[in-house]
Protein chains: 2
Amino acid sequence: MTTRRTGLREQKKQATREALRAAALRLALERGPENVRVDDIAEAAGVSPRTYNNYFSSREQAIVAAVTGEREARVAEAVADRSADDGLAEAVIEAIVDQYTATGGPGRDALLLITTRPALRDTFVDAAAAVENPLADAIAERLGDTDPNTARVLAASVAAAVRVALEQWLGTTTEASTAGGLVVPSGSLPDLLRAALAPLTPALDAAERRAREGNARIRTAPPGR
Amino acid sequence: MTTRRTGLREQKKQATREALRAAALRLALERGPENVRVDDIAEAAGVSPRTYNNYFSSREQAIVAAVTGEREARVAEAVADRSADDGLAEAVIEAIVDQYTATGGPGRDALLLITTRPALRDTFVDAAAAVENPLADAIAERLGDTDPNTARVLAASVAAAVRVALEQWLGTTTEASTAGGLVVPSGSLPDLLRAALAPLTPALDAAERRAREGNARIRTAPPGR
DNA sequence: GAAGAAAAGTGCGTGCACGCAAGTTTGCGT
DNA sequence: ACGCAAACTTGCGTGCACGCACTTTTCTTC
């Protein structure tokens with residue numbers, strides 16, 4: 001009942017997905033992303049080109065996925081784990097910071113490659129949006145079943161904040177970098193993430209408080225009046 | 001100093017952009033979006049196909065843009081106008097609701113068309129992201145120059161909330177519609193928008209309060225300690 | 001364990017996005 | 001007024017995303 005739908009099917013699927021990721025990253029590092037055609041990736045992974053984009057809907061996705069991995073799921077998991085002890089805001093922030101600082105292991109040079117080419121930067125930033133659904137589930141569970149929409153909105157906001165932090169980190173301010181005045185050049189990613197997420201703390205905490213009151217009112221006693 | 005960079009140039013640009021929008025919408029309504037090729041739109045607007053996607057990067061964008069118009073800019077403007085009287089959260093929410101309820105005039109049937117075809121629905125929802133930049137500027141101005149990042153994050157969160165509301169409105173819950181249990185089928189768009197934006201109220205108000213304190217501390221008197 | 005259903009992989013064709021390198025229009029300086 | 005520079009447009013070529021129909025593989029059921 002874990003995650004497998006039928007067993008061998010899912011296994012093979014993940015295998016080819018992983019093969020495509022690996023092949024895409026390897027070829028991109030060898031020749032540079034510009035000189036990698038979809039057919040090459042497919043051939044290197046031993047599948048048809050048509051199969052390739054049954055898995056990825058853009059060439060960049062495959063390369064970026066090799067680095068981002070299953071980060072989204074791990075963020076949600078981390079939130080669920082922390083959920084008992086401290087506040088929702090803190091749990092979410094720390095979970096995200098943890099998962100984004102643990103990026104290093106496999107590909108330092110891969111990250112360099114991604115941050116260099118604009119196309120890859122963009123899809124790397126967009127990949128952050130993938131946390132929304134798992135995170136929404138995690139938050140919803142923590143808030144109880146009261147209003148799942150709040151959880152969705154909060155998760156979406158968190159994802160948006162992460163995107164902003166990544167854009168700043170990569171200097172993709174969309175022409176604003178020279179406009180106003182002094183902007184901190186880069187800063188460390190963890191700091192940027194915390195700074196971007198900080199403004200959402202009131203919303204997260206307020207939602208948690210409302211949820212607690214709502215649950216308490218339901219579970220323990222009817223309202224005073 | 002208004003918006004024109006050089007005068008005649010910009011004028012012509014907006015003209016062809018508008019021509020493309022109109023042509024795209026008209027053809028889509030006549031034949032259905034499936035039977036409209038990019039070449040047709042370009043021809044109808046009297047420009048080269050290549051020029052067409054100097055303006056729009058996907059066929060759907062042109063059609064959707066004919067309906068969404070310049071909504072983003074108007075939202076930002078509305079926020080700026082309201083900014084004096086009431087709270088930031090209220091100003092933002094009302095500005096958005098206003099602009100999204102004022103959609104009706106030109107194309108009732110166009111909206112029907114958009115909400116029907118999945119591809120158009122998606123780009124319609126994505127179009128909401130365009131409010132982020134103008135809204136960020138508007139919020140930043142209202143918060144004073146303290147930390148423009150907060151403004152960006154808040155604007156991005158608002159955009160995300162709007163997206164969630166639109167997804168719900170269109171029933172694009174990504175397979176979740178049948179999962180949990182009873183979900184409100186549609187509801188009125190204004191209500192959905194307010195509901196989606198409500199969880200962000202604490203964050204908006206907190207940012208405004210912080211900004212006021214910060215500005216007061218700077219403008220009137222040095223801090224007590 | 002064999003037949004049938006479901007799902008993943010494949011080949012093909014079509015329309016499209018976009019880089020590049022012209023050609024053409026607009027605006028500005030003198 | 002004239003010519004130069006920048007902006008916009010255009011044609012062309014290349015890869016690519018994706019729908020569709022079909023084959024192959026895996027799962028289920030009797």
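Lettering follows sequence order; numbering is per chain, from 1.
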In whole angstroms, the gap separating P of D:dG19 from OH of A:Tyr52 amounts to 16 Å
To the nearest Å, how far apart are B:Lys13 NZ and D:dA6 P? 17 Å
Hey, does B:Ser48 reach any base, or is it just sugar-phosphate, or nothing, if we go heavy atoms under 4.0 Å? sugar-phosphate
Report the residues that fulfil salt bridge (charged side-chain N to carboxylate O under 4.0 Å, His left out) with B:Arg59, sequence neighbours left out, ordered by chain and then residue number. none
Atom pairs under 3.5 Å: protein N/O with N/O of nucleotides 12-16 of chain C:
from: C:dC16; atom 1: OP1; to: B:Val38; atom 2: N; distance (Å): 3.0
from: C:dC16; atom 1: OP2; to: B:Val38; atom 2: N; distance (Å): 3.4

Identify whether the distance between the nearest side-chain nitrogen and carboxylate oxygen of B:Glu132 and B:Arg152 falls below 4.0 Å. yes
What integer distance in Å separates A:Gln11:CD from C:dG9:P? 13 Å
Report the distance from atom CG of A:Leu27 to atom CD of A:Glu43, rounding to the nearest 0.5 Å. 9.5 Å
State which of C:dT10, D:dG11, D:dC8 makes the closest approach to the side chain of B:Tyr55. D:dC8
Rounded distance [0.5 Å steps], CD in A:Glu60 versus CD1 in A:Ile114: 10.5 Å
Please determine whether a side-chain nitrogen or oxygen atom of A:Lys12 lies at a distance below 4.0 Å from atom OP1 or OP2 of D:dT26. yes
For B:Arg17 and B:Glu70: C-alpha separation, side-chain torsions, deciding distance, then whether salt bridge (Lys or Arg N to Asp or Glu O under 4.0 Å) applies. CA-CA 12 Å; B:Arg17 166 172 254 112; B:Glu70 308 300 341; 5.8 Å; no
To the nearest Å, how far apart are A:Glu10 CD and D:dC27 C1'? 13 Å
Charged N to carboxylate O below 4.0 Å: is that the case for A:Arg21 and A:Glu18? yes
Distance, rounded to the nearest Å, where B:Phe56 contributes CZ and C:dA17 contributes P: 12 Å
Return the value, rounded to whole Å, for the distance between atom CD of A:Gln61 and atom C1' of D:dC18. 14 Å
Roughly how many Å is it from CG in B:Leu20 to C1' in D:dC8, rounded to a whole number? 13 Å
Interatomic distance where CD belongs to B:Glu60 and P belongs to D:dC18 [whole Å]: 10 Å
Let me test you: for the helix from C:dG1-D:dC30 to C:dT30-D:dA1, what is the angle between the axes at its two ends (five pairs each), rounded to 10 degrees? 30°
So do B:Ile96 and B:Val158 actually touch side chain to side chain, heavy atoms under 4.5 Å? yes
Please determine if a side-chain N or O atom of B:Thr51 lies less than 4.0 Å away from the OP1 or OP2 oxygen of D:dC8. no
A side-chain contact here means heavy atoms from C-beta on lying under 4.5 Å apart; do B:Leu170 and B:Phe124 qualify? yes
Salt-bridge test for A:Arg26 and A:Glu30: reply yes if a basic N is under 4.0 Å from a carboxylate O, no otherwise. yes
